[in-house]
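For this chain, numbers begin at 1 and follow the sequence in order.
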Amino acid sequence: MSGGAAILTKCFQELDRITNNAIDNSIIKNIKDSINKYAVMSAIAGGATAVVPGGAAVVATMVQAGFIWSLYVKISKELGISIRENKLKFIASAALTNITANAGMLIAGHVAATLFSFIPGLGSATSLIVEAMIGYVVIYVAAILYLQFITRLFKANNGSCDLSSMGDDELKNEIKKASSELNMKEAITEGKQAYNEAKKNGDFERAKNNPQCPNCNATLDKNAKFCSNCGLKIK
């Protein structure tokens with residue numbers, strides 16, 4: 001990801017400020033690398049769902065939810081935030097709900113991909129491209145939303161963040177607030193730019209030719225639906 005990722009960069013800067021410069025460059029790099037890895041795998045999985053006429057959006061959304069949750073686990077560990085995985089699954093689900101509810105451009109894309117999937121040949125190819133891009137962008141925007149969500153909690157708790165003590169309704173409310181503060185249109189545009197940059201850098205070809213689990217880095221069989229090492233759903 002290049003320096004053009006303005007919103008993501010601002011997230012790191014604000015989080016670093018709130019935590020008294022606790023976010024060093026190695027943490028930022030690791031989180032950025034994780035975001036790109038999960039987004040690339042989500043794009044590949046999203047493209048694969050496009051071969052299912054009429055069902056691409058539903059299948060893609062299920063896969064994206066799993067990737068978001070796993071990415072949130074990674075980000076939390078990098079930031080030293082302790083939280084039970086079932087809590088992160090809830091947060092990931094709430095984040096995806098808010099993204100789809102506030103991102104009309106993504107909904108329109110899913111609808112278009114669904115319609116194209118019924119058309120043999122060119123229509124299916126178009127559906128694949130649309131779903132792949134959406135798959136990447138959803139993970140990218142979800143990462144930004146989670147970072148903003150965490151920053152809100154650090155601000156409210158004088159530089160500390162204890163997600164485990166929060167109830168589901170409180171978590172859902174905080175995610176909703178973070179989502180309302182995010183310029184979704186700009187975040188999606190930035191996600192598209194990151195998607196194009198990943199394509200230009202050959203990230204998709206490398207992931208297809210030498211697939212690795214973004215969660216545990218285990219080598220994957222090209223047709224694997226789950227990681228045999230950690231169990232992450234890939235497709």
Side-chain angles (χ1 to χ4, degrees), residues 1-14 28-29 31-51 56-68 70-72 74-75 92 95-117 122-149 178-208 214 235:
M1 296 181 189
S2 70
I7 299 176
L8 185 60
T9 299
K10 287 179 181 177
C11 285
F12 287 121
Q13 290 173 342
E14 182 64 8
I28 293 174
K29 181 182 183 304
I31 292 177
K32 283 185 174 181
D33 287 346
S34 293
I35 293 171
N36 188 56
K37 284 181 181 178
Y38 279 99
V40 166
M41 291 302 293
S42 178
I44 293 172
T49 66
V51 300
V58 176
V59 178
T61 300
M62 292 173 62
V63 174
Q64 288 159 8
F67 281 132
I68 292 171
S70 297
L71 175 59
Y72 285 4
K74 284 277 189 182
I75 293 175
L96 184 56
T97 297
N98 277 276
I99 290 169
T100 54
N102 292 285
M105 294 168 66
L106 292 180
I107 298 297
H110 273 312
V111 171
T114 299
L115 294 175
F116 280 126
S117 69
L122 182 60
S124 298
T126 302
S127 177
L128 187 153
I129 293 170
V130 172
E131 286 295 350
M133 184 197 67
I134 290 174
Y136 190 102
V137 171
V138 165
I139 302 302
Y140 190 93
V141 174
I144 290 175
L145 180 55
Y146 188 57
L147 290 170
Q148 290 199 346
F149 163 73
S179 178
S180 67
E181 293 171 357
L182 176 62
N183 188 320
M184 198 65 69
K185 184 176 181 180
E186 289 184 2
I188 290 172
T189 298
E190 186 169 300
K192 289 179 181 178
Q193 292 170 348
Y195 168 77
N196 290 329
E197 183 180 341
K199 286 180 64 178
K200 183 179 178 180
N201 291 339
D203 294 343
F204 290 96
E205 287 304 313
R206 281 191 292 273
K208 289 177 182 177
K235 297 180 182 178

Please tell me if the side chains of Tyr38 and Ile68 come closer than 4.5 Å, counting only heavy atoms from C-beta onward. no
For a quick test of reading the model, state the closest non-hydrogen atom pair linking Leu96 to Val138 and the distance between them. CD1-CG1, 3.8 Å
How far apart are the closest heavy atoms of Val40 and Ala207, and which atoms are they? CG1-CB, 3.7 Å
Atom NZ of Lys192 and atom CE of Met133: how far apart are they, to the nearest 0.5 Å? 5.0 Å
Specify the closest pair of heavy atoms between Ala65 and Ala92, including all atoms of both residues, with the distance to one decimal. O-CB, 4.3 Å
Set out, in order, the CA-CA distance, both residues' side-chain angles and the distance that settles side chain to side chain contact (heavy atoms under 4.5 Å, CB included) for Ser179 and Ile99, then state yes or no. CA-CA 7 Å; Ser179 178; Ile99 290 169; 5.9 Å; no
So, taking the atom named CD1 in Ile139 and the one named OG in Ser70, what distance separates them when rounded to the nearest 0.5 Å? 9.0 Å
Test Asp203 against Lys199 for salt bridge (charged side-chain N to carboxylate O under 4.0 Å, His left out), laying out the working first. CA-CA 6 Å; Asp203 294 343; Lys199 286 180 64 178; over 6 Å; no
Test side-chain hydrogen bond (donor to acceptor under 3.5 Å, both in side chains) on Asn36 and Tyr136 and set out the steps. CA-CA 8 Å; Asn36 188 56; Tyr136 190 102; 2.6 Å; yes
Nearest non-hydrogen partners of Tyr140 and Ala194, listed with the distance: CE1-CB, 3.6 Å
Once rounded to the nearest 0.5 Å, what's the spacing between atom CZ of Phe149 and atom CG of Leu182? 14.0 Å
Supply the atom-to-atom distance Gln64 CD to Ile134 CD1, rounded to the nearest 0.5 angstrom. 8.0 Å
NZ-CG distance between Lys200 and Asn196, expressed to the nearest 0.5 angstrom: 10.0 Å
For the side chain of Glu190 and the backbone of Ile7, is there at least one donor-acceptor N/O pair under 3.5 Å apart? yes
Closest non-hydrogen contact found for Asn98 with Met184 is O-CE, 4.4 Å
To the nearest 0.5 Å, how far apart are CD1 in Ile144 and CD1 in Ile188? 10.0 Å
Test side chain to side chain contact (heavy atoms under 4.5 Å, CB included) applied to Leu8 and Leu147, step by step: CA-CA 9 Å; Leu8 185 60; Leu147 290 170; 3.7 Å; yes
Side-chain donor/acceptor of Thr100 to backbone N/O of Thr97, under 3.5 Å: yes
Any salt bridge linking Asp33 with Lys29? Criterion: basic side-chain nitrogen under 4.0 Å from a carboxylate oxygen. yes
Phe204-Tyr195 aromatic ring centre distance below 6.0 Å: yes
Please report the closest heavy-atom contact between Gly135 and Ser42, naming both atoms and the distance. O-OG, 2.8 Å
